[in-house]
Amino acid sequence: MRLVAEGVWQLDGWPKDMINVYLAGDILVDAGTRWDRRRILRPLRGRRLSGVMLTHCHPDHQGAARAVCRRFGVPLACHEDDAAATEGRRSMMPRDSWLGRRFLSLIAGPPCPVGRVLRDGDEVGGFRVVHAPGHTPGHVFYFRESDRLCIAGDVLANTNFVTGKPGLREPPWAFSFDPRRNRESMRQLLALRPSVVCFGHGPPLYDMGQLETFVARVP
C-alpha cells in the first residue's frame, strides 16, 4: 500500500493506478472488480475494518464489495440514488447495450445489501459526503475538511486508459448516466478547493493548477 495523505492509503494494483481502491483509516473506499478480491483482502489481513463505502455503483468499484463486507462483518455504504443498482435491483450501467452487458458480465461482482444509505452532507469516517451525480445518479465525493483531501471517484480520470500515461480526462461518455451533469460535478469538485484529489483511475493529483486548467476548458 502507498500512503497518499495522512491516514489514507492506495492499495497496490496492476496495472498501477488503473483501478484504485483506498483505505481511509478503517474504511475501505471502493472495491475494484470481482477479480480484485485477493489483491484487496491480502493487505487488509490483520486489520480491522468498520465499513466499505462506494463512490458509485459501477462494476469496477463494487466488484469485491460483498466479499470484503462478509469477511469483516461490516456494512456497505453508498448514496441512496445508487443503492438499487448496488443491490442488483437496477442495472449498474446507463444504457442497455451490448457493450454495457458485456462489461458487466466480465468484471461485476455479485449484488450486496446496502447497510448504510448515504445522502449529501452525511459524515462518514471523518469525510463529508458530497453528492456529485452525472457519471452515475448516486456518484459522490468523500471530502475531508481537515486537510481538504477529496476521494473523487470517476468524475474525472487521471490517466490515459490505453497508454497509462497520467493526465486528466473526462470518463467515457458511454459509461456516464448524464455526461453534461458530470461536467457540473467537475466544477463542483474545483469549488471544494481540494489540496489532494484521489481518483478511481490514475494517480492522486497534488497540483490543483492542473485541475483548474482542465475544468476551465470544459464547455
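FYI, the numbering just counts along the sequence from 1.
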Please report the shortest heavy-atom distance between Arg90 and Pro137, naming the atom on each side. NH2-CG, 4.2 Å
Would you kindly confirm whether Ile151 and Met1 end up in one hydrophobic cluster when ILVMFWY residues are joined by side chain heavy atoms under 4.5 Å apart? no
Between atom CD of Gln62 and atom CG of Asp82, what is the distance when rounded to the nearest 0.5 Å? 10.5 Å
Is there a donor-acceptor contact under 3.5 Å from the side chain of Asp147 to the main chain of Leu149? yes
Determine the minimum heavy-atom distance between Val129 and Tyr142, stating which atoms define it. CG2-CE2, 3.9 Å
Using distance alone, with no hydrogens and no angle criterion, decide if His135 and His58 have a side-chain donor and acceptor under 3.5 Å apart. yes
Show your working on side-chain contact (heavy atoms from CB on, under 4.5 Å) between Arg116 and Val124 and close with a plain yes or no. CA-CA 10 Å; Arg116 179 173 178 183; Val124 185; 3.7 Å; yes
Heavy-atom donor-acceptor pair, Arg187 side chain to Val215 backbone, under 3.5 Å: no
Would you say the side chains of Ser176 and Asn182 form a donor-acceptor pair under 3.5 Å? no
Return the orientation label for the His79 and His131 ring planes: parallel under 30°, perpendicular over 60°, tilted otherwise. parallel
Looking only at atom types and distance, does a side-chain atom of Arg34 sit under 3.5 Å from a main-chain N or O of Leu106, one as donor and one as acceptor? yes
I need the minimum non-hydrogen distance between Cys150 and Leu192, along with the two atoms involved. SG-CD1, 4.3 Å
Do Phe143 and Glu145 have side chains that get closer than 4.5 Å, going by heavy atoms? yes
Backbone of His139 reached by a side-chain donor or acceptor of Thr136 within 3.5 Å: yes
Could you tell me whether the side chain of Leu28 reaches within less than 4.5 Å of the side chain of Tyr22, counting heavy atoms only? no
Would you say His201 and Asp60 are linked by a side-chain donor-acceptor pair, where the criterion is simply a distance under 3.5 Å? yes
Between Leu49 and Ile27, is there shared hydrophobic-cluster membership here, with clusters defined by ILVMFWY side-chain heavy atoms closer than 4.5 Å? no
Do Val68 and Val29 land in one hydrophobic cluster if side-chain heavy atoms of ILVMFWY residues count as linked below 4.5 Å? no
Hey, any chance Val140 and Val155 share a hydrophobic cluster, counting ILVMFWY side chains that come within less than 4.5 Å of each other, even indirectly? no
Decide yes or no on side-chain contact (heavy atoms from CB on, under 4.5 Å) for Phe199 and Leu205, but give the supporting numbers first. CA-CA 8 Å; Phe199 297 103; Leu205 183 70; 3.8 Å; yes
More than 12 foreign heavy atoms under 6.0 Å from CD of Glu6: is that the case here? no
Does the side-chain contact (heavy atoms from CB on, under 4.5 Å) test come out yes or no for Asp207 and Gln210, once each step is laid out? CA-CA 6 Å; Asp207 180 359; Gln210 292 183 36; 3.4 Å; yes
Are Arg119 and Glu80 within salt-bridge range, i.e. N to O under 4.0 Å? yes
Does Gly51 offer a backbone N or O that forms a donor-acceptor pair with the side chain of Asp26 under 3.5 Å? no
Let me confirm one number: the CZ-OG distance from Phe72 to Ser50, rounded to the nearest 0.5 Å. 11.0 Å
If I compare all heavy atoms of Pro204 with all of Gln10, which pair ends up nearest, and what's the gap? CD-OE1, 3.5 Å
Between Arg2 and Trp9, is there a donor-acceptor pair closer than 3.5 Å when you use the side chain of the first and the backbone of the second? no
Report yes if some heavy atom in the side chain of Asn160 is under 4.5 Å from a heavy atom in the side chain of Pro166; otherwise report no. no
Is any side-chain heavy atom of Arg148 closer than 4.5 Å to one of Val196? no
Between atom CD1 of Ile19 and atom OG1 of Thr159, what is the distance when rounded to the nearest 0.5 Å? 11.0 Å
Side-chain touch Leu189/Phe141, heavy atoms, less than 4.5 angstrom: yes
For the pair Thr33 (side chain) and Gly63 (backbone), establish whether a donor and an acceptor sit closer than 3.5 Å, ignoring hydrogens and angles. no
Test: Glu184 and Arg181 ion pair at under 4.0 Å: yes
Joint hydrophobic cluster, Leu211 plus Val130, side-chain heavy atoms closer than 4.5 Å: yes
What is the minimum heavy-atom distance between Val8 and Leu3, and which atoms define it? O-CD1, 3.5 Å
Output yes when a side-chain donor or acceptor of Asn158 lies under 3.5 Å from a complementary backbone atom of Pro203, and no otherwise. yes
Please tell me whether Asp154 and His61 have a donor and an acceptor in their side chains that are separated by less than 3.5 angstrom. yes
Smallest heavy-atom separation, Asp12 atom then Arg39 atom, equals O-NH1, 2.9 Å
Mark yes when over 12 heavy atoms from residues, nucleotides or ligands other than Arg66 sit less than 6.0 Å from its CZ; otherwise mark no. yes
Is a side-chain N or O of Asp178 found less than 3.5 angstrom from the main chain of Pro133, in a donor-acceptor match? no
Got a second to check how far Asn20's CG is from Asp30's CG, nearest 0.5 Å? 9.0 Å
Roughly how far, to the nearest 0.5 Å, is the SG atom of Cys112 from the CG atom of Leu76? 4.5 Å
Test side-chain contact (heavy atoms from CB on, under 4.5 Å) applied to Glu170 and Trp173, step by step: CA-CA 8 Å; Glu170 294 183 69; Trp173 278 40; 3.5 Å; yes
